[in-house]
There are 2 protein chains.
Amino acid sequence: MTCVTTAAAEPADEPAAPPHPAGEGTEEKPRRARGEQTRQLILETALRLFRERGYTETTMRAIAKEAGVAVGNAYYYFDSKEHLIQGFYDRNQLAHRVAAEPVLANEKDFAARLRGVLHAGIDVNVPYHSFAATFFKSAAEPSSPLSPFSRESSPAREAAIAIFRDVVDGSSAKLDPELRKELPELLWLSWMGVVLFWVYDRSPDQRRTRRLIDGIVPLVDRLVGLSRLRVLRPALRQVLALIDTIRRD
Amino acid sequence: MTCVTTAAAEPADEPAAPPHPAGEGTEEKPRRARGEQTRQLILETALRLFRERGYTETTMRAIAKEAGVAVGNAYYYFDSKEHLIQGFYDRNQLAHRVAAEPVLANEKDFAARLRGVLHAGIDVNVPYHSFAATFFKSAAEPSSPLSPFSRESSPAREAAIAIFRDVVDGSSAKLDPELRKELPELLWLSWMGVVLFWVYDRSPDQRRTRRLIDGIVPLVDRLVGLSRLRVLRPALRQVLALIDTIRRD
DNA sequence: GACACCATTTGAACGTGTTCAAGAAGGGCT
DNA sequence: AGCCCTTCTTGAACACGTTCAAATGGTGTC
């Protein structure tokens, strides 16, 4: 209950930068530090065990024991076992951004940018493919805070969409201004589709997903290019109108 | 608690035909009957409780008690609580077929057929929207037998695709023969997308889903119509090639 | 009738995620 | 110092899904 606020308040920066700027003294504990430290300890331990044993096989008792705390303590910081995944979620979001940076900085071609970003997204997730399925199961429940469409995931979702906005804005492609406005979100949605495919992908090294990306990017590129074609104008308007209709409830 | 009757007797539309290995020397009557009856009783009771209280809120103990059997007995017939959903799955599949029948029989226009089938699919699911979300959660796990892509769901999946094959075959639309071959499966995939949208749809009476259908059907119709256009031929080939590539692992 | 066999049924027991009432650990105040 | 208040920590207890060795019961065989 109480930890909901703390958890949801600053989820973005916990993976990389610890909130310890300078005063590294042991006595410098302004009330917050002790709790935050425990929180991090539990999260780190949990993610490590998830990686080592898988999600379902890792029990809350094991996490607590390994972290050297009581099981109830974990529930003081995290509402449920599933909420521990949120940490994984945020961390990978950030890793995706970092991995996509080179392509976004150097490449101008739309297709190349999109392709790079999609592959980068898969790259950072590869180590977790085995238990991503279970994790995905949790995310699939609409009422779950882990759902990519949920309010709680809103920051992470916005951050993800921002990457695709970058893909569009930094590209040399010329396209319909109205489409340009909607494209980032549409690309993000496609990305969710790719992730869905990836989760289900049982081929070695998930190479089918790689091929899906390589195949679908030129298609999207072509479609986007064709968007200025006269014959397709009405269809484009139709799509945009539909999106608008659905969005306004 | 000998409630043998009402629950089991009412719905005679059980899709599972009794196994008739005709040609075996054994007597066909008594041995199997008792077990099958219990199995049905448990399934009926479970589905009723799911409808009344929701999936998560219905405990296996409650199902067993209500059915007048021991918990272990339910596990003799069903591997897990999730496996009980498979019954729900099959039943709705059949209901979809039935509900779509009138449209498929009377309508010739492709768009109208597709629209009718999609709305019919939502219609039969409406009563279960509240717990469909939880049920969907189970189906989302790739390893789960409930996954629409799993081997266990193969029959139900084929049956569903068959509906869309009917949509295509019975329509007056003229389209590329290669596309025609793939279209049923593509439409089924779109249907899965619509269901996904529906599960997440929180608008009253899920009216956003209805609008999504009404909006997307003309689009698909248009796209299918355009498929014979010269400019789009290469793109179409590209799509079909991609599907082929992915399919062959 | 007696026995064996196998499908069926039982309910206690196990391990799990989660809750909760109680306490410990400090820091700020008088 | 003494007290209060918030933050943090504890571990037993609960309800659930699931398992399993044992009991039951009907059917075929001798």
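The figures that follow rest on heavy atoms only: side chains count, while hydrogens, waters and symmetry mates do not.
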Is B/E185 salt-bridged to B/R157, cutoff N-O under 4.0 Å? no
Measure centre to centre between the rings of A/Y128 and A/F88, then say whether the value is under 6.0 Å. yes
So which protein nitrogen or oxygen atoms get under 3.5 Å of nucleotides 21-23 of chain C's nitrogens or oxygens?
none

Interface polar pairs with nucleotides 11-17 of chain D, N/O, under 3.5 angstrom:
from	atom 1	to	atom 2	distance (Å)
D/dG17	OP1	B/K81	NZ	2.8
D/dG17	OP2	B/M60	N	2.8
D/dG17	N7	B/R61	NH1	2.8
D/dG17	O6	B/R61	NH2	2.6

Side-chain donor or acceptor of B/T58 paired with backbone N/O of B/L49 under 3.5 Å: yes
Euclidean distance, atom CD of residue B/E36 to atom C1' of C/dT8 [Å, nearest integer]: 13 Å
Roughly, in whole Å, what's the span from OH in B/Y76 to C1' in D/dA21? 15 Å
NZ or CZ of A/R39 within 45° of A/Y76 ring axis and under 6.0 Å: no
Tell me what B/Y77 touches on the nucleic acid: a base, only sugar-phosphate, or nothing, going by heavy atoms under 4.0 Å. sugar-phosphate
Is it the case that the side chain of B/H129 and the backbone of B/D201 share a donor-acceptor pair, with hydrogens and angles ignored and the cut-off at 3.5 Å? yes
Is it the case that the side chain of A/K81 and the backbone of A/Y55 share a donor-acceptor pair, with hydrogens and angles ignored and the cut-off at 3.5 Å? yes
Could you tell me the separation between the NZ atom of B/K65 and the P atom of C/dT10, rounded to a whole number of Å? 15 Å
Roughly how many Å is it from CZ in B/R39 to P in C/dT9, rounded to a whole number? 13 Å
Just how far, in rounded Å, is C1' of C/dT8 from CD1 of B/I42? 11 Å
Within less than 4.0 Å of OP1 or OP2 of C/dT8, is there a side-chain N or O belonging to B/T38? no
Quickly work out the A/I85 CD1 to C/dG17 P distance and round it to whole Å. 12 Å
State whether the side chain of A/D79 and the backbone N or O of A/Y75 hold a donor-acceptor pair below 3.5 Å, judged by distance alone. no
Whether A/F164 and A/W191 hold their rings parallel, tilted or perpendicular, with breakpoints at 30° and 60°: tilted
B/S203 side chain to B/R208 main-chain N or O, any donor-acceptor pair under 3.5 Å? yes
Taking atom P of C/dT19 as reference, at what distance in whole Å does atom NE2 of A/H83 sit? 11 Å
